[in-house]
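Shown next, in structure tokens, is the structure this report addresses.
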Amino acid sequence: MKDRTTKFRMYATIDREEIFLNDMCQSGWKPVKIFMGMFFVFERCEPHEYIARVTSAIDPDHKEASKKRREQITEILTDSGAEIVRETNIDAATRIYAIRSTSLGEFEINTDIDSLIADCRARRRYHINLAVFSALIFVAAFFLGTDMMSDYAMSNQSGVTLVGAYVEFSCAALMLVLLVVVVIPISKYSRKIKELRAKREIEE
Amino acid sequence: MNESKGALTEAVFYILISLYTPLHGYGVIQNVEKLSGGRVRLGAGTLYGAINTLLGRSWIKEYGQSGERRKEYIITESGKDAVRAELIRLEELLDNGKRVLQGNE
């Protein structure tokens, strides 16, 4: 019987990633390694033996370094019996993937409304960063492609090919798709933040 | 949590009273769970956010050597003032609630 398996998955949001990891834990596979954010390595465990949680350690207000935030949350998590599967260390996309045995009880990283709001804001910040990045690449690739097209037209097709322009337009199209994919969760998180803030007015 | 000594959240109140003796992060989580009879369980994200806010307001401070691996925290005098103010507020809520309920029953 196989004791290790690798799955390739690409998720637009942390929420979906967390659902996938917990589905795997429930079927008897605990995550042990994640690389490039797309390849998930699992080892066999008892079904329902672990709970997986993913949190974003970005400070949405940019007041403090994500590294410090990540290190301190990781320290509290490991002290409380969680295993850190992966920590991403890119400042604009800092994340912590953790699992903890169900025998230790419920496992939540954010247990009050304020920290839930902070987490949603951090997740939204990640999508905003990605949206800005893809929009910039889209604009650059689109204009480069257009420029190459006009060079081609001006040169009377002599010695200049359209290959470069096609590459630029393909890149622009890819970035446009990425932009659409990352923009959708921004409104979802904004709605959730609004709901949590409304809830915060009457309860903790 | 307001900058003025207004209502404290349950998590903040429990963290502050836990820090009358120096504790590190996970020690606070354990103590809060014990004090509340298992009802209040602080997550790592919640505790981290609250500790940073409380440090920013000087209601708690780091305790012991700065180079130690596990940071410990302790409540400050202004933190104790905040706890006392909160107890007065809670007593007022309790008294008013009881008075109105007793008058209507």
Side-chain angles (χ1 to χ4, degrees), chain A residues 14 18 51 53-61 63-84 87 94-100 104-123 196-197 199-204, chain B residues 1-3 6-16 18-19 22-57 59-64 66-73 86 89-90 93:
Chain A
I14 295 181
E18 199 176 80
I51 301 166
R53 291 283 172 248
V54 188
T55 191
S56 172
I58 300 171
D59 176 12
D61 300 317
K63 282 183 187 158
E64 61 175 354
S66 299
K67 187 171 178 274
K68 181 191 157 212
R69 213 175 155 86
R70 179 174 54 79
E71 282 173 355
Q72 291 198 11
I73 293 175
T74 302
E75 181 186 300
I76 302 169
L77 283 171
T78 46
D79 282 351
S80 64
E83 295 168 37
I84 306 301
E87 299 168 56
T94 304
R95 284 182 194 179
I96 304 165
Y97 295 81
I99 54 168
R100 199 173 80 163
L104 294 170
E106 286 173 33
F107 180 36
E108 294 293 343
I109 292 177
N110 299 294
T111 50
D112 69 330
I113 297 177
D114 286 336
S115 60
L116 283 169
I117 291 172
D119 190 54
C120 271
R121 291 186 63 223
R123 290 176 190 216
L196 285 167
R197 281 184 176 149
K199 198 176 171 192
R200 181 76 184 81
E201 284 173 16
I202 51 165
E203 61 177 279
E204 282 180 12
Chain B
M1 195 167 65
N2 301 323
E3 186 67 46
L8 304 183
T9 65
E10 195 173 57
V12 163
F13 182 75
Y14 270 123
I15 292 167
L16 285 174
S18 293
L19 291 176
L23 284 173
H24 56 74
Y26 184 54
V28 173
I29 292 178
Q30 286 176 308
N31 198 49
V32 168
E33 202 170 326
K34 193 175 134 196
L35 283 172
S36 67
R39 190 178 59 82
V40 181
R41 288 182 179 162
L42 299 178
T46 296
L47 181 66
Y48 173 76
I51 281 178
N52 263 16
T53 308
L54 295 174
L55 283 170
R57 299 212 174 143
W59 286 3
I60 62 169
K61 62 181 180 186
E62 285 180 19
Y63 179 82
S66 57
E68 282 175 16
R69 199 172 73 89
R70 293 278 178 271
K71 270 186 199 158
E72 285 194 326
Y73 304 93
E86 180 65 3
R89 192 189 70 83
L90 290 172
L93 287 179

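Every chain is numbered from 1 and lettered A, B, ... according to where its sequence line falls, protein lines coming before strand lines.
Your options are B:E10, B:Q30, B:H24, and the one with the most heavy-atom pairs under 4.5 Å with chain A is B:E10. If you tally non-hydrogen atom pairs under 4.5 Å between each of A:R53, A:E106, A:Q72, A:E108 and chain B, the highest count goes to A:Q72. Ranked by heavy-atom pairs under 4.5 Å with chain B, the list A:N110, A:T111, A:I76 is led by A:T111.
Both the backbone and the side chain of A:S80 come within less than 4.5 Å of a heavy atom in chain B.
Put simply, OH on B:Y48 and CD on A:E71 are 9.5 Å apart, with the number rounded to the nearest 0.5 Å. Taking OG1 from B:T46 and CG from A:L116, the interatomic distance works out to 6.5 Å, rounded to the nearest 0.5 Å.
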